[in-house]
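When a residue number appears, it is its place in the shown sequence, counting from 1. First listed ligand is number 1; within each ligand, the first listed atom is number 1.
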Amino acid sequence: MTMTAMLPAASVGAVRELADIQALDAADPLSRFRERFVISEPNVVYLDGNSLGRLPVASRERLGRVVDDEWGTELVRGWSRWLDEPTRVGDLLARDVLGAEPGEVLVGDSTTVNLFKLTHAAASLARQQDPERRVLVTTADNFPTDRYVLEGVAGQLGMELRLVDAGKLDAALGPDTALLSVSHVEYASGGRHDLAGITALARSHGTRVLWDLSHSAGAVPVELTASGAELAVGCTYKYLNAGPGAPAYLYVSRGLQPLLRSPIWGWFSQADQFEMKAGYAPAPGIGRFAAGTPPILGLPLVEAGAQLIGEAGIAALAAKSVALTELIIELADAWLTPLDFHVVTPREASRRGAHVSLAHPQARQICRALIESADVIPDFRAAADGSGTIRLGPAPLYTRYADVWEAMVRLRNLVTAGDHVGFSEATGRVS
Ligand SMILES: *Cc1c(COP(=O)(O)O)cnc(C)c1O
């Protein structure tokens with residue numbers, strides 16, 4: 001395709017220039033982290049770190065070592081050390097990413113399975129403490145797996161699921177609420193909820209909150225202890241760069257742990273696991289939320305991802321993320337509004353996560369054209385009403401300001417030239 005399309009007249013305005021953008025990269029304290037990632041196609045602008053993070057160089061080597069030196073050489077003797085990996089890597093996440101205490105985070109299973117375990121456990125406890133509590137509440141726009149798991153658990157426990165507008169949580173909570181489940185950053189809009197504020201609001205209604213941190217941890221400050229959070233889950237393959245299908249994590253505050261029972265009574269959650277006793281008794285501590293054999297090949301990748309985040313520091317990552325998303329919004333307002341786009345994501349930095357969603361009537365075609373003909377990789381997310389948004393997720397650990405600039409130039413030029421027309425509107429496997 002051609003990259004020579006002209007600027008729409010209305011767009012010549014007060015935006016920064018390429019030189020300003022290059023100056024931002026030159027002054028970026030995180031710029032040195034880009035070379036810690038495998039970047040095999042330099043012309044591709046990757047803006048989908050909110051869906052699958054890039055491969056850290058260290059992870060390649062780490063995975064090779066686990067396979068050759070640990071599995072290949074130690075064989076079953078490796079278990080004496082591997083047994084502690086889910087909590088050891090959990091402690092690292094707790095310290096460097098989640099603002100939690102040692103012994104409060106466990107790595108393993110998928111986010112979906114961890115959602116199931118904690119939803120079932122917390123809803124059962126709420127009802128046991130007060131039989132009137134039989135409603136699970138979540139936002140209508142929450143990630144599909146979160147809604148489906150809640151729907152399933154509600155059915156299994158004879159409870160009811162209430163889907164509410166994200167702005168109307170207060171009115172939805174009451175003496176009948178068994179659990180509130182919220183994504184810290186909403187995957188579709190990019191809006192961010194107030195962790196401490198909603199935790200306190202729910203508590204004033206006698207309700208606990210289960211937070212899903214999948215779209216926030218690693219790019220947005222998450223202070224679980226300081227926020228009074230009691231329950232959380234999240235994945236590690238987005239901003240934590242642990243790779244496709246990498247094990248997820250769960251968090252339960254220390255005080256709540258003895259009160260909860262996982263619905264999966266697996267041998268890895270059993271007290272005195274290797275005594276192979278007749279009956280089940282849950283382990284003390286966070287280990288009671290394990291299930292079966294932990295994913296030993298994935299755990300070192302979670303560790304490598306978390307170490308990079310720890311080295312960069314969440315404060316620096318969050319500051320850069322605000323600046324990167326601000327740049328997208330600035331350029332979208334100037335260049336894309338005349339082309340029928342609008343920014344869905346909140347403009348107030350404290351109210352958004354690390355990605356920006358742009359609505360357009362032909363969003364699906366434009367997204368496909370960007371990937372196939374302009375070497376820009378964002379993603380498309382359909383909305384329930386049939387429309388949809390293009391999500392731009394400039395992961396702050398490896399995305400340059402110049403990458404955002406380049407992607408926005410290519411997007412503007414593509415739509416100005418009409419180069420997206422003719423790209424398929426058909427739904428792909430993943431969008
Ligand atoms: C990415 C994401 C998930 C993913 O769940 P999996 O079990 O890993 O497929 C769940 N919830 C939210 C909010 C997410 O953003």
Salt bridge (Lys or Arg N to Asp or Glu O under 4.0 Å) assessment of Arg88 paired with Asp91:
CA-CA 5 Å; Arg88 191 183 64 78; Asp91 286 350; over 6 Å; no
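- Judged by distance alone, the side chains of Arg368 and Gln362 never bring a donor and an acceptor atom under 3.5 Å apart.
- Within 4.0 Å of ligand 1, protein heavy atoms belong to Ser110, Thr111, Thr112, Phe143, Thr145, Asp146, Ser183, Asp212, Ser214, His215, Tyr237, Lys238, listed by chain and number.
- With sequence neighbours excluded, the residues that form a side chain to side chain contact (heavy atoms under 4.5 Å, CB included) with Ala172 are Val137, Arg162, Val164.
- Residues Trp211 and Thr199 bring a donor and an acceptor atom of their side chains to less than 3.5 Å of each other.
- Cation-pi check for Arg54 over Phe37 is not met; the charged atom does not lie both under 6.0 angstrom from the ring centroid and within 45 degrees of its normal.
- In the model, Thr325 has a side-chain atom that pairs as donor or acceptor with a side-chain atom of Arg352 under 3.5 Å.
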